[in-house]
Number of protein chains: 2
Amino acid sequence: MLPIAIAQMEVIPGHPDRNAATMLRMIADAKKQGAGLILFPEMAIPGYLLGDTWEQESFIRDCESYGQDIIAASKGICVMFGNIAADWTKKNNDGRVRKYNAFFTAQDGKLVHPDSMPYPFVIKTLMPNYREFDDTRHFFSLQKLARELGTTPAALLSPVSLKLGGKNYQVGCLLCEDGWSEDYEVAPLQLLEHGEPIDFYVNISASPYTLGKNDKRNRVFSAQAKEAHAPLFYVNCIGLQNNGKTIYTFDGSSTVYNENGSVVSVAPEYRESLEIFDLDSLSSRPAAVQKPEKEVAHIYRALHYGVRRFLENIHMKNVVIGISGGIDSAVAAALYCQVVGPEHLLLINMPSVFNSETTKGLSQQLAERLGCEYMIVPIQESVDHTRAQLESCPVTLQKDGTEKHLSVSSFVLENIQARDRSARVLAGAAAAFGGGFTCNANKAETTVGYSTLYGDQSGFLAALADLWKHQVYDLARYMNEEIYHREVVPQGIIDIVPSAELSSAQNVDEGKGDPIKYPYHDYLFRSFIERWRKATPEDLLVWYQDGTVEEHIGCEKGLVKKYFPTPKDFIADLERWWNLFTGMAVAKRIQAPPILAVSRRAYGFDHREAQNGPYYTRKYRQLKEALLNREA
Amino acid sequence: MLPIAIAQMEVIPGHPDRNAATMLRMIADAKKQGAGLILFPEMAIPGYLLGDTWEQESFIRDCESYGQDIIAASKGICVMFGNIAADWTKKNNDGRVRKYNAFFTAQDGKLVHPDSMPYPFVIKTLMPNYREFDDTRHFFSLQKLARELGTTPAALLSPVSLKLGGKNYQVGCLLCEDGWSEDYEVAPLQLLEHGEPIDFYVNISASPYTLGKNDKRNRVFSAQAKEAHAPLFYVNCIGLQNNGKTIYTFDGSSTVYNENGSVVSVAPEYRESLEIFDLDSLSSRPAAVQKPEKEVAHIYRALHYGVRRFLENIHMKNVVIGISGGIDSAVAAALYCQVVGPEHLLLINMPSVFNSETTKGLSQQLAERLGCEYMIVPIQESVDHTRAQLESCPVTLQKDGTEKHLSVSSFVLENIQARDRSARVLAGAAAAFGGGFTCNANKAETTVGYSTLYGDQSGFLAALADLWKHQVYDLARYMNEEIYHREVVPQGIIDIVPSAELSSAQNVDEGKGDPIKYPYHDYLFRSFIERWRKATPEDLLVWYQDGTVEEHIGCEKGLVKKYFPTPKDFIADLERWWNLFTGMAVAKRIQAPPILAVSRRAYGFDHREAQNGPYYTRKYRQLKEALLNREA
């Protein structure tokens, strides 16, 4: 019998003192419960997403020092944990000190040296260097080390030999990406299987939450356990980590796979947990029953946890939300109200002459149903003053004294309104309320920059900016049904046409609204960013020619014909949004608030971009010409 | 005789069509001038800093297609150029198509196959993965390929054999970082030297400008040429490329080193040039005379070029700058005036009750001296309205009808003023003027977030945000003396105490101003970010204990004692700024405008950071306790 404790801890990035304290507490707990071995996640001491904090030598030494505390605590229990490991005598390729993403095993106050490693720890072999991951920027891989030593990863990788309860165990130690070897030329798990049989595998991870990732992991890791005929313990952290622009929740969901590849236990999402499993009875345990859930339930949990932890991290208790009577701000309000409570939530409606009684009424209704603080701050007087001032103050060319006046167009006035609301009213009110104000942009708007910089594009956090418009509607319905169990987001808000109400051309009572046709554009835009093989106008025209646009982008059938009677219409729409997506929207995203990521590709540090302007390939231009000629 | 043309072209990132057109034009020119070989920079066709555009397969195919045009044009001339190369049958480690950063040689309309490469091009061996570079994210290195093929980089690297003018040449082909091998375990240049003697080396680069980099390159590359007894042609592009948040100028400065290691020619900075050199007469050419210049001259050229090309790229002709009578906005005004001309520059002074006659007068004087458009837009009325509105509109708790009112503190009012100026006046005026408004923040303010979000922290570009305050002053004096040859930045602006003038506590006429003591804090902050071994409070306390703070950070001697009589004072100051630098300032930088980089470490995508809050190491806390106890 070997009782193994899975310590699904919250890792606080950049705070080794707090993480070490958590670990010492959980070690003491596990000992009390009779565990012989306790497993902690990858980078449990430093955290994982730290930007270039890895370049501070004093920080690395601090992590080493806290690592020593954990090693010292391994008396009467064996402790496996992730930490940064430095070799102060060697360099990384950036010329700074050599750093490894390392898997430590400690027992009786000492490190257990893996048989064939040149260090007393296991080194991560595979370094993710896509999406939000920058492992290669800071960590020296086992592959590089093997090359430097003139040997191979296979020669360096071996199980860790443990003696526990009088019995010998061979443990296959993996770090996160080491278990996702499909696209690499080596598979660490297979390389481990060359000596004595392995009794069980441990994959310590720092794996950010992404919609659908856990299902994929269960398929991949189940197959690994089954093929190796050995149990596999997947230990993930919980918490919130970020790369500045993009914020990730870590859901935990630590999972035990038995030697048949069955999932025998899944730790709760987003909760600390310490569970103990007897190694010898895993094969006889029944498979854990995981009831399938709707995508929106996962989204809600990730957002709720992400918002809550983000607010706690920045010590913000009070939140201000500008509400328009539209869906995005209403969903944001319902979400934040769950996190901070109605007394700490101030909704502000800021009507101008263009705002309808309909949306003003819906805003009021929403506030009433949430029971939160509510304020109405009209902006017309301020907007009129700004316009008058800009048009009346003389502009004088100093070199010759020529005087002229600026003229404020209706388009300029639209943006003046948006900035008046956010940078004047919301920012001032939030400071006076002792908190911050939110950005309620969704992913479709964010994709094409359908927003005003320093206006509705601003805020301390963009919690909904990784959700397409249809996911925002799903979330409204889900919160009404499953969270509040009543219609807190009024049906009128769900039903009304999406509109900015910044001019008479956007009159909701006449059914006029946004130029984005969400049932189609949600999916078109998604193909630009989330699709594995990123689509460009060239791909779209190829599909258009083949009549397969809807199939490829995943929207409802028939929409292309409905919205775009001719190739010219289709092309004009495509170029309009592509120009914005790769043009002005990039400039806006550079200055956008941090985004809470849930999708397979979020803006910011996940999908990285340069402000290089729109581009159309040669083939696109040829296809376009052919299509337009065919039409003519 | 072998006439070799160095084609120092502007590379436009993400626009293969325009780059290929430039190359075809330069090839025709070189042919006309009798060149036998023409050399283009690294990634001449796609550009280098493209974010995740590398994931668009249609873009990669487009680059291949334009590469074919260049190959076809190699009739009567040999063409060496950089481009992306794809192997559509293989994968990168991210699972996407295999991409190489490649060096192509074309002759007679065909590619010249390097002797021992598995592809008809040379593959970049060393992948920079620090600062702004993300090579490993997208490109498969020669080292990885060697590992995959079960061989070594040495076995794959060989010179390219050329027959030119009836003579055989062995050319050592290198891509940028391949020439900077100091911190890597292999040195491609040395690996090339194992067969026939090499006649000359070509290093094609896409090397962003950084203060001091060219001097270092001359030392490194001169030594390489000398040691190899062969000339080395360094071919760099000009242009402006960016990673979204951080913008880099590419200065060209293509250089020819002869076999003695002498610099025989340097192409002009920031200008296209096509120069032809006879290979055989390089050793007899005199060393190029490079007159040493002040750092500020380099800074000015980089900023002027960067601002000019940035404005051209976004098609912006008119610029609005809010001027306060302080140094940062004055320097910005003088700089932009050189780029856009006085008719396209609108300076706006926006006084409140806290602005002195002194700074209002200096603003007017600056505008007069530049001869540009000038406007005065007072903000007091609007600020008073905002305050009154926020304090008078009732806030009602919906669940019980309790009514209260917000109260606007003097601190909140400071930020209301700053936002009123930028988000209300400047943004509106810029839109009406048909342009954008600038962010004039310097690097010291940016480091600690001494700025207001959506206020002075906003703008389309932060051109001075990579300059410390003392560099901003240098630039003022330099422009007066060397560019304008008259005092356009009034001496009064250079002499006045830096102040935000947002409250009566910041009265310039009483000599009151910013809390930042620039002669010390410029250097303290620089140690946090630009120092090779990034300093943290722990390092500062160690130095403080040793009495070596000034020596380590590089400021004037005696300042520590002058500003901080006791350890308690020193520690309080240190923690104040470290808390801001790693706290609120990170949040502000996430939403800051793009920064024009000139230093060895700029904010944004160069120095990457996470919003993780301040942290003090265990050793720091021990040192602090000891210092405070000693004091007590």
Side-chain angles (χ1 to χ4, degrees), chain A residues 13-14 49-52 55-58 62 65 91 93-95 129-130 136-137 148 183-185 242 244 367-368 371 373-375 377 386 390 393 395-399 406 408 412 416 419 423-424 428-429 431-432 454 458 533-534 536 538 590-591 594 607-612 615 617-618, chain B residues 13-14 49-52 55-58 62 65 91 93-95 129-130 136-137 148 183-185 242 244-245 367-368 371 373-375 377 386 390 393 395-399 406 408 412 416 419 423-424 428 431-432 454 458 533-534 536 538 590-591 594 607-612 615 617-618:
Chain A
L49 302 181
L50 303 186
D52 290 345
E55 295 179 10
Q56 296 170 359
E57 292 192 0
S58 65
D62 196 58
S65 156
K91 280 182 183 176
N93 290 152
D94 67 353
N129 193 202
Y130 48 81
T136 51
R137 184 174 172 93
E148 184 184 64
D183 295 318
Y184 295 86
E185 65 275 26
N242 73 90
E368 283 165 11
E373 302 280 7
Y374 188 59
M375 190 180 186
V377 184
T386 298
L390 290 177
C393 293
V395 176
T396 316
L397 187 62
Q398 298 297 304
K399 66 178 185 183
L406 297 177
V408 174
V412 169
I416 286 175
R419 287 188 298 266
R424 190 180 68 88
Y454 322 131
S458 56
R533 298 176 146 193
K534 282 188 175 155
T536 70
E538 177 183 316
I590 290 171
Q591 299 193 43
H607 170 76
R608 302 183 188 178
E609 47 191 354
Q611 198 174 355
N612 287 340
Y615 180 69
T617 61
R618 171 141 62 182
Chain B
L49 301 182
L50 304 186
D52 291 344
E55 295 178 11
Q56 296 169 358
E57 291 192 1
S58 66
D62 196 57
S65 156
K91 280 182 182 177
N93 290 151
D94 66 353
N129 194 203
Y130 48 83
T136 49
R137 184 174 172 93
E148 185 184 63
D183 295 318
Y184 294 87
E185 65 275 24
N242 72 89
K245 203 70 166 187
E368 284 166 11
E373 301 280 7
Y374 189 59
M375 190 180 186
V377 183
T386 299
L390 290 178
C393 292
V395 176
T396 316
L397 187 62
Q398 297 299 303
K399 65 180 188 184
L406 298 177
V408 173
V412 169
I416 286 176
R419 287 188 299 265
R424 189 179 70 87
Y454 322 131
S458 55
R533 296 176 148 192
K534 282 189 175 153
T536 69
E538 176 184 316
I590 290 170
Q591 299 193 44
H607 171 77
R608 303 183 188 178
E609 45 192 355
Q611 197 173 355
N612 287 341
Y615 180 70
T617 61
R618 170 141 65 181

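Values below: every heavy atom of this structure, side chains too, minus hydrogens, waters and symmetry copies. Here is how names work: the chains are called A, B, and so on, in the same order as the sequence lines, proteins then strands, and each is numbered from 1.
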A/Ile590 versus chain B, heavy atoms under 4.5 Å apart: side chain, backbone, both or neither? both
Scanning both residues in full, the closest heavy-atom pair of A/Leu406 with B/Ala432 reads CB-CB, 4.0 Å
Heavy-atom pairs under 4.5 Å with chain B: which of A/Lys91, A/Glu57, A/Glu368, A/Gln398 has the most? A/Gln398
Examine whether an atom of B/Arg424 lies under 4.5 Å from a heavy atom of chain A, and if so say whether it belongs to the side chain, the backbone or both; otherwise answer neither. both
Between B/Ala423 and A/Tyr454, what is the shortest heavy-atom contact and its length? CB-CB, 4.2 Å
Please assess B/Asp94 against A/Asn129 for the test side-chain hydrogen bond (donor to acceptor under 3.5 Å, both in side chains), listing each intermediate value before the final yes or no. CA-CA 7 Å; B/Asp94 66 353; A/Asn129 193 202; over 6 Å; no
Pairing residues for A/Tyr130 by the ring-ring contact (aromatic ring centres under 6.0 Å, His included) criterion, not counting sequence neighbours: A/Phe133
Taking all heavy atoms of B/Ser58 and all of A/Thr536, pick out the closest pair and write down the distance. OG-OG1, 2.6 Å
Scanning both residues in full, the closest heavy-atom pair of A/Leu397 with B/Gly371 reads CD1-O, 3.6 Å
Pair count under 4.5 Å, heavy atoms only, with chain B: among A/Val377, A/Asn242, A/Leu50, highest is A/Asn242
B/Leu390 versus chain A, heavy atoms under 4.5 Å apart: side chain, backbone, both or neither? both
So, the side chain of A/Gln611 versus the backbone of B/Gly244: is there a donor-acceptor pair under 3.5 Å, distance only? no
With a 4.5 Å limit on heavy-atom distance, are the side chains of B/Asp52 and A/Lys534 in contact? yes
Between B/Pro594 and A/Gln591, is there a side-chain heavy-atom distance shorter than 4.5 Å? yes
Scanning both residues in full, the closest heavy-atom pair of A/Arg618 with B/Ser65 reads NH2-OG, 2.6 Å
Report the C-alpha distance between A/Glu185 and B/Asn93 in whole Å, list the side-chain angles of each, state the deciding distance to 0.1 Å, and finish with yes or no for side-chain contact (heavy atoms from CB on, under 4.5 Å). CA-CA 8 Å; A/Glu185 65 275 26; B/Asn93 290 151; 3.6 Å; yes
Of the backbone (N, CA, C, O) and the side chain (C-beta and beyond), which part of A/Glu538 lies under 4.5 Å from a heavy atom of chain B, both, or neither? side chain
Under a 4.5 Å cutoff for heavy-atom pairs, which residue among B/Met375, B/Glu55, B/Gln56, B/Arg137 has the most contacts with chain A? B/Arg137
With chain B, the option among A/Val408, A/Leu49, A/Ile416, A/Thr386 that has the most non-hydrogen atom pairs under 4.5 Å is A/Thr386
